[in-house]
Amino acid sequence: MTGFVDTDQLVSWGRVLRARHDLARPAFLDELPALLHAGAASTGKVLAGGLRRSYGDSCLNADGALIDVSALDRFIAFDPATRLLTAEAGVSLAQVLACAIPRGFFLPVTPGTKFVTLGGAVANDVHGKNHHGAGTFGRWVRALTLLRSDGSHRELTPEDESGLFAATIGGLGLTGVIATVTVELQPISSSHMATETIPFANLGEFFRLARDSDAAHAYSVAWIDCLASGDDLGRGLLTLADHAAEGPLEVAGRQGPSIPFDFPEIALNRYSIAAFNRLYHYAGAAKAGRRVVSYDPYFYPLDAIRNWNRLYGRRGMYQYQSLVPPEAAPEATREMLRTIARAGTGSFLAVLKTFGAVASPGLLSFPREGTTLALDFPNRGPETLALLSRLDAIVREAKGRLYPAKDGRLPPDLFHAGYPAAERFAQHVDPGISSSFWRRMQS
Amino acid sequence: MSHSPLRVLILGATSGIAEVTARLYAAEGARLVLAGRNAARLQAIAADLRLRGASAVDIAQIDFVRDDARQAWLGLLATHGAFDHVLIAYGVLGDQPTAEQDSAAAESIMAANFTSPAQWSLAVAEDFERRGSGSLVVLGSVAGDRGRRANYVYGAAKAGIAALIEGIAHRFAGKGPRAVVVKPGPTDTPMTAGMKKGGPLWATAEQVAVIVRRAADKGGPVQYAPARWRLVMLIVRLIPSAIFNKMNL
Ligand SMILES: Cc1cc2nc3c(=O)[nH]c(=O)nc-3n(C[C@H](O)[C@H](O)[C@H](O)COP(=O)(O)OP(=O)(O)OC[C@H]3O[C@@H](n4cnc5c(N)ncnc54)[C@H](O)[C@@H]3O)c2cc1C
Ligand SMILES: NC(=O)c1ccc[n+]([C@@H]2O[C@H](COP(=O)([O-])OP(=O)(O)OC[C@H]3O[C@@H](n4cnc5c(N)ncnc54)[C@H](OP(=O)(O)O)[C@@H]3O)[C@@H](O)[C@H]2O)c1
């Protein structure tokens, strides 16, 4: 198939799944229609992907065609008056920041890594630490161009009445290839963040603190010590932050070390998990008290170590991110932490955040009002899967949902229970497009 | 240089290596002229470079094989004035087996990789010599260092352009202008799109671009990208043909 190269062992960020793909990496937008057509015609299933920062199988298309759009990374236009940035879908958030910060602008919403493409940010309708005020990334998308496998080309805006815009935001790449994205940036007067970190002794205190302080700050997120149990269960630190009112407009340029190979699994134990937790903790703004730090260590502490996912060894890791509605949140969160503490396997990172009531624009958007808990687990095979199933039961009971971007094993019934709009969404899926995740959800 | 922006001409600006190099120039605030045959692609690159900091970007539609080099060069000078740096980046890999049987196919490889860039280099050299300044950087290839069955028509053309640039550098010695041939190893760009990549032999366009950009300012007339290829190619050139013939390259 012209333009595609047979590529085995392609992995997503979790490195658990390895799959063969026909892989294409176009350099220009004008190559997309032919690739989409060829991919759909010859394998019957094609998928567009970005920087593969999704952990599970939603950015993979095993034994099918994958169009990696990360080389479609050109800016098209920026108008400071309207704050609208238009760019090819492969532009990374890191590139957006490099362009926007010197001009006094910032991303409206950012996930915990800047090595994510605009297309990926749209297709997972990503959220950040400002969800309680700003909502999801998709809320700031003003226009999209979408290519479908039948050769058609759609300009979509939030006013779209066909439902295709709402299906594409958070649509996991299944509605077509996103070619360009127009997003509204937010103005900033400094690239520094004014942060305040407050320790809390247990979960009850977290919920109280978050309720009382989130509204007054743009950003809020908590880090939980997963190794704590008993009276200390849910002990952690809440970090509140705002863009500083004064300071430089500086793009952070530091390039950290890289993990050149898979760590041996022996390197990963209770002590290294604890050590990593502390490292993460201090690399970020998470020391108790007030501090002013650059946006980069605040938003992207893990980006300082490239390929940090290799620390988890060859078998990789699972991320597990759940969301439970407000009424069920305290009890379900407590139960999940208790289950993890009992299993004793620990989690490198445990992040807790309260999502606000701002509605998400996508049919399959993950965020809605409630509490989200994100966890990392080294893959230890059946033992890990059993723990995750126990967590599934808690989420199911709480009428919650899991984030497909994070998870390569989310059970289909839990997906359908968590996303009642999935059926409506399915009507907008491009018949030439599929993914490993989507096929698994149909089975 | 810090006062007035660098004036840079890039020939073959849609090339993967050239575009990343252009981004480095844009970040310095340079004024760029992008030349190539695909106007729509050049426009897309130009819009991007403006947002990446270039103080001005113009495009010039030129087919380097079809159009006369000297005339096109004089046209560019008339429209844009003098250039501080000229980068010649276009090239085609071609298909070796076809080139062995079809003289038109062989001819087009030789034209795109030797005849045309040689003519352009001679035209640019004349202007630089007269002005007593300017940096000419041309992309060669490690494939020009020793002919091998997989791509020796391409390799021969790259060997030719390397000798020509070395000659121009010699001519420039002590007079002010610079001429450099940069020889990349296998690089992940559209030129190598059909190949399996990864492993220690492969470089990214970003790695090569940093060397290309620096070559305009300093270093000798022949530079390798990444630099380790200098030693590798020295060894490759020293392998006796009795052994070389048995190697599957
Ligand atoms: C360290 C780390 C921290 C993270 N923190 C957060 C966080 O705080 N919040 C959050 O929401 N997420 C977070 N994520 C997840 C990440 O933001 C998402 O997985 C994001 O979608 C990845 O984008 P990508 O460019 O890597 O796309 P990929 O992972 O390659 O693809 C993601 C999805 O987008 C689709 N897609 C990509 N490009 C296109 C396109 N051009 N057209 C159509 N479909 C396309 C793919 O098909 C796939 O379904 C984090 C990930 C990491 C590694
Ligand atoms: N990639 C490698 O592994 C590698 C290794 C060693 C050396 N090099 C050399 O590095 C240079 C850049 O290569 P690259 O990898 O960046 O390749 P690339 O992305 O394939 O770019 C080659 C460019 O040359 C242009 N071109 C070819 N013939 C032309 C003509 N007649 N008129 C106008 N433009 C023409 C093409 O323009 P269109 O878009 O219009 O076709 C294309 O933009 C080349 O000289 C190449 O030989 C590359």
Side-chain angles (χ1 to χ4, degrees), chain A residues 1-11 20-32 34-35 67-68 70-80 84-92 94-103 105 145 179-180 185 251 253 255 258 260-261 306, chain B residues 12-24 26-29 32 34 36-55 57 59 89-93 95 186-200 202 204-210:
Chain A
M1 204 179 5
T2 45
F4 290 89
V5 181
D6 188 337
T7 307
D8 44 59
Q9 303 261 318
L10 207 62
V11 292
R20 203 201 66 75
H21 290 81
D22 288 315
L23 185 65
R25 191 159 185 263
F28 293 92
L29 279 181
D30 58 44
E31 297 168 65
L32 279 177
L35 289 172
I67 304 174
D68 173 346
S70 61
L72 303 177
D73 65 347
R74 297 180 188 91
F75 293 110
I76 296 171
F78 177 62
D79 180 354
L84 294 186
L85 174 77
T86 301
E88 295 177 0
V91 167
S92 70
Q95 295 184 16
V96 172
L97 291 172
C99 169
I101 288 174
R103 295 174 164 86
F105 293 89
T145 53
T180 69
L185 303 182
V251 181
Q255 262 285 358
S258 173
F261 51 81
R306 279 184 300 142
Chain B
T14 52
S15 120
I17 293 170
E19 184 174 1
V20 185
T21 310
R23 289 181 180 183
L24 298 178
E28 297 171 28
L32 291 150
L34 310 178
R37 60 186 164 186
N38 188 325
R41 289 181 174 188
L42 290 171
Q43 293 288 13
I45 295 170
D48 175 70
L49 294 173
R50 285 183 199 112
L51 282 169
R52 288 178 194 266
S55 34
V57 190
I59 68 165
Y90 59 90
V92 298
L93 191 52
D95 183 55
T187 309
D188 185 359
T189 72
M191 181 170 280
T192 52
M195 303 179 192
K196 263 210 188 318
K197 295 172 185 177
W202 285 88
T204 61
E206 285 74 13
Q207 289 171 302
V208 173
V210 167

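Everything quoted here is computed from the prediction, not taken from an experiment. In what follows, chains carry the letters A, B, and so on, assigned in the order in which the sequence lines appear, proteins first and then strands, with residues in each chain numbered from 1.
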- Task: Let me know if A/F28 has heavy atoms under 4.5 Å from chain B in its side chain, its backbone, both or neither.
- Result: side chain
- Query: How about A/R74 and B/R52: do any of their side-chain heavy atoms sit closer than 4.5 Å?
  - Reply: no
- Check whether A/T7 gets within reach of chain B through its side chain, its backbone, both or neither, counting any heavy atom under 4.5 Å. backbone
- Message: Quick check on A/D73 against chain B: is it the side chain, the backbone, both or neither that has a heavy atom closer than 4.5 Å?
- Response: both
- Item | Sub-4.5 Å side-chain heavy-atom contact between B/L51 and A/R103 | yes
- Message: How close do B/A193 and A/V5 get, counting heavy atoms only, and between which atoms?
- Response: O-CG2, 3.2 Å
- Query: Tell me, side chain or backbone of A/A77 under 4.5 Å from chain B's heavy atoms, or both, or neither?
  - Reply: backbone
- Message: So which residue, B/L49, B/T189, B/T14, B/D188, ends up with the most heavy-atom pairs under 4.5 Å with chain A?
- Response: B/T14
- Note on the structure: Max heavy-atom pairs within cutoff under 4.5 Å with chain B, candidates A/I76, A/L29, A/D30, A/L85, goes to A/D30
- Spatial distance of atom NZ (B/K197) from atom CG (A/L23) [nearest 0.5 Å]: 9.5 Å
- Under 4.5 Å from a heavy atom of chain A, the part of B/Q43 involved: neither
- Task: Can you tell which part of B/R50 gets under 4.5 Å to a heavy atom of chain A, answering side chain, backbone, both or neither?
- Result: backbone
- Query: Below 4.5 Å, heavy atoms only, C-beta onward: do A/Q95 and B/D48 meet side chain to side chain?
  - Reply: no
